Amino acid sequence: MELRDRIDPHRVPRHVAIIMDGNGRWAEKQGEMRVIGHMNGVNAVRETLVGATEIGIEHLTLYAFSTENWNRPRSEVDALMDLLVKTLLSEIDGLNENGVKLNAIGDLASLPEGCHDTLLEAMERTAGNDRITLNLALSYSSRWEIVQMVQALAVKAKEGRIAPADIDAEMIAAHLSTAGIPDPELLIRTSGEERISNFLLWQIAYSELYFTPVLWPDFGKEELFRAVLDYQGRERRFGKISEQVNRQG
Ligand code: FPP
């Protein structure tokens, strides 16, 4: 039986987040420059997105560029920004044909102007789509996002628009860049590294974590389906005991 047919359509995670890792190692293994790994990483993004759409995932969030990635060699940063612009421009029709709404989270103002403008244009041109939302995390880090949220709440408190006692988990979530997006049920990281690297720290409080040795350019539909099947085999207890969870059916 195909992997896809083994997935229970009633228990597909609504939101899957992915730390795409291993582009550089993939390229080095082939004796190529790192940028070739990133270029092949774009194919993996496309294939994963198609797979996510096929099984009814509503939100796919990809860690495409972290705040810390600015510290990479200038040539690699430039190549990644260039690749992002070219990919957005070449994929926009495909996104529209497949009902993909593009969204971005992170410190978008820090992106080079051309990249920022292209991103906003792509978001605008796909805004009417509703089959799946692709959230690109760009110049993103969770600590950055949490600092922004605390500053926004502090300003509101200082201006008397909220009282400190009003601040609860719901208000915090509403002031993060993922406001309105359900928390990911499943977080995937490729390339064998088993860490979170400053990604969605608040949002993954109850996420299932899935680590695979597959390098990102080799990831795709089948690997996504494998991760979803693994997720469906787990019991999510949210702090309760097994019997309580099973009684709820
Ligand atoms: C991690 O591999 C990957 C990145 C930092 C960038 C991811 C970018 C892409 C997949 C291409 C652009 C994406 C879009 C959405 C257009 P790494 O370089 O850290 O690999 P390594 O750990 O093996 O060095």
Side-chain angles (χ1 to χ4, degrees), residues 3 16-54 60-95 97-98 100 102-108 110-119 121-123 126 132 134-141 187-199 210-227:
L3 278 178
V16 175
I18 307 184
I19 302 174
M20 308 181 286
D21 197 8
N23 293 351
R25 274 162 286 166
W26 185 92
E28 278 157 27
K29 268 174 60 181
Q30 334 255 331
E32 297 281 3
M33 309 258 290
R34 293 176 57 83
V35 67
I36 303 291
H38 297 314
M39 288 163 78
N40 281 275
V42 173
N43 296 335
V45 169
R46 194 183 303 110
E47 225 209 291
T48 304
L49 181 60
V50 170
T53 309
E54 277 180 14
L60 182 67
T61 300
L62 303 178
Y63 206 3
F65 195 87
S66 73
T67 310
E68 291 77 18
N69 285 155
W70 290 115
N71 299 322
R72 290 194 174 195
R74 176 75 197 267
S75 56
E76 183 168 342
V77 171
D78 288 350
L80 275 167
M81 292 300 144
D82 196 43
L83 185 61
L84 179 68
V85 171
K86 287 198 175 114
T87 305
L88 289 171
L89 291 173
S90 63
E91 299 289 333
I92 205 156
D93 290 340
L95 295 178
E97 277 158 27
N98 289 288
V100 182
L102 183 70
N103 183 37
I105 59 171
D107 185 9
L108 305 184
S110 70
L111 296 172
E113 202 182 330
C115 186
H116 180 262
D117 293 351
T118 309
L119 182 66
E121 190 195 327
M123 282 164 60
T126 60
I132 186 170
L134 172 63
N135 300 299
L136 288 186
L138 289 165
S139 193
Y140 173 90
S141 79
L187 172 72
I188 299 171
R189 182 171 187 149
T190 59
S191 91
E193 308 290 350
E194 300 192 353
R195 24 170 211 279
I196 303 301
S197 300
N198 217 345
F199 191 44
Y210 178 87
F211 300 105
T212 169
V214 172
L215 301 174
W216 178 251
D218 291 330
F219 198 87
K221 251 190 211 189
E222 291 300 300
E223 294 300 330
L224 175 72
F225 295 164
R226 215 182 297 285

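Since this is a predicted model, take the numbers as computed values, not measurements.
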### Task
Find the distance between CZ (Arg34) and OG (Ser75) and round it off to the nearest 0.5 Å.
10.0 Å
#### Entry: CG on Leu84 to OG1 on Thr118, rounded to 0.5 Å
8.0 Å
### Summary
One should read off an interatomic distance between Glu91 CD and Leu102 CG, to the nearest 0.5 angstrom, of 11.0 Å
### Query
Should the heavy atoms of other residues, nucleotides or ligands under 6.0 Å from CE of Met39 be counted, would the total exceed 12?
no
### Non-hydrogen side-chain atoms of Ile132 and Asn98 separated by less than 4.5 Å
no
### Task
With sequence neighbours left out, write down each residue that passes side chain to side chain contact (heavy atoms under 4.5 Å, CB included) with Asp78, or none if nothing qualifies.
Arg74
### Message
Is there a side-chain contact (heavy atoms from CB on, under 4.5 Å) between Thr87 and Val45? Walk through the geometry before answering.
### Response
CA-CA 10 Å; Thr87 305; Val45 169; over 6 Å; no
### Task
Please examine the side chains of Asn198 and Glu68, heavy atoms only from C-beta on, and report whether any two atoms are closer than 4.5 Å.
yes
#### Entry: Any residue meeting side chain to side chain donor-acceptor pair (under 3.5 Å) with Lys86, in chain and number order, not counting sequence neighbours
Asp82
### Message
So which atom in Phe199 and which in Ile19 form the shortest heavy-atom distance, rounded to 0.1 Å?
### Response
CD2-CG1, 3.5 Å
### Message
Less than 4.5 Å apart, side chain to side chain, heavy atoms only: is that true for Leu187 and Ile196?
### Response
yes
### Task
With sequence neighbours left out, write down each residue that passes side chain to side chain donor-acceptor pair (under 3.5 Å) with Asp117, or none if nothing qualifies.
none
### Message
Tell me if a side-chain donor or acceptor on Ser141 pairs with a main-chain N or O of Thr67 at a distance below 3.5 Å.
### Response
no
### Task
Find out whether Leu49 and Leu62 are in side-chain contact, i.e. whether some heavy atom of one side chain is under 4.5 Å from a heavy atom of the other.
no
### Task
Quick one: closest heavy-atom pair of Thr48 and Gly220, and the distance?
OG1-CA, 3.8 Å
### Query
Side-chain donor-acceptor pair under 3.5 Å between Trp216 and Ser191, yes or no?
no
### Query
Under a 4.5 Å cut-off applied to non-hydrogen side-chain atoms, are Ile18 and Leu60 in contact?
yes
#### Entry: Straight-line distance of Ser110 OG to Phe65 CZ, nearest 0.5 Å
8.0 Å
### Query
For Tyr63, which residues count as a side chain to side chain donor-acceptor pair (under 3.5 Å) partner, sequence neighbours excluded?
none
### pair Val77-Asn69: side-chain heavy atoms closer than 4.5 Å
no
#### Entry: Glu76 side chain reached by Val35 side chain, heavy atoms, under 4.5 Å
no
#### Entry: Non-hydrogen atoms of Ile92 and Ala122 that approach each other most closely
CD1-CA, 3.4 Å
### Task
Locate the shortest heavy-atom distance separating Phe225 from Gly51; write the atom from each residue and the value.
CE2-O, 3.6 Å
### Query
Taking Thr190 for the side chain and Asp21 for the main chain, is one N or O donor matched with an acceptor at less than 3.5 Å?
yes
### Summary
What one should report as the nearest heavy-atom pair of Asn40 and Pro217 is CB-CB, 3.9 Å
### Message
Please enumerate all residues that pass side chain to side chain donor-acceptor pair (under 3.5 Å) together with Glu47, with sequence neighbours excluded.
### Response
none
#### Entry: CG on Leu138 to CG on Leu108, rounded to 0.5 Å
6.5 Å
### Task
Name all pairs fulfilling the salt bridge (charged side-chain N to carboxylate O under 4.0 Å, His left out) condition that reach into residues 214-225, sequence neighbours left out, sorted by first residue then second.
Glu54-Lys221, Glu223-Arg226
### Message
Does Met33 have more than 12 heavy atoms from other residues, nucleotides or ligands lying within 6.0 Å of its CE?
### Response
no
### Query
Would Thr61 and Asn135 count as having a side-chain donor-acceptor pair, cut-off 3.5 Å?
yes
### Task
Please report the shortest heavy-atom distance between Gly37 and Trp26, naming the atom on each side.
CA-CE3, 3.9 Å
### Summary
dist Thr212:OG1 -> Glu194:CD (nearest 0.5 Å) comes out at 10.0 Å
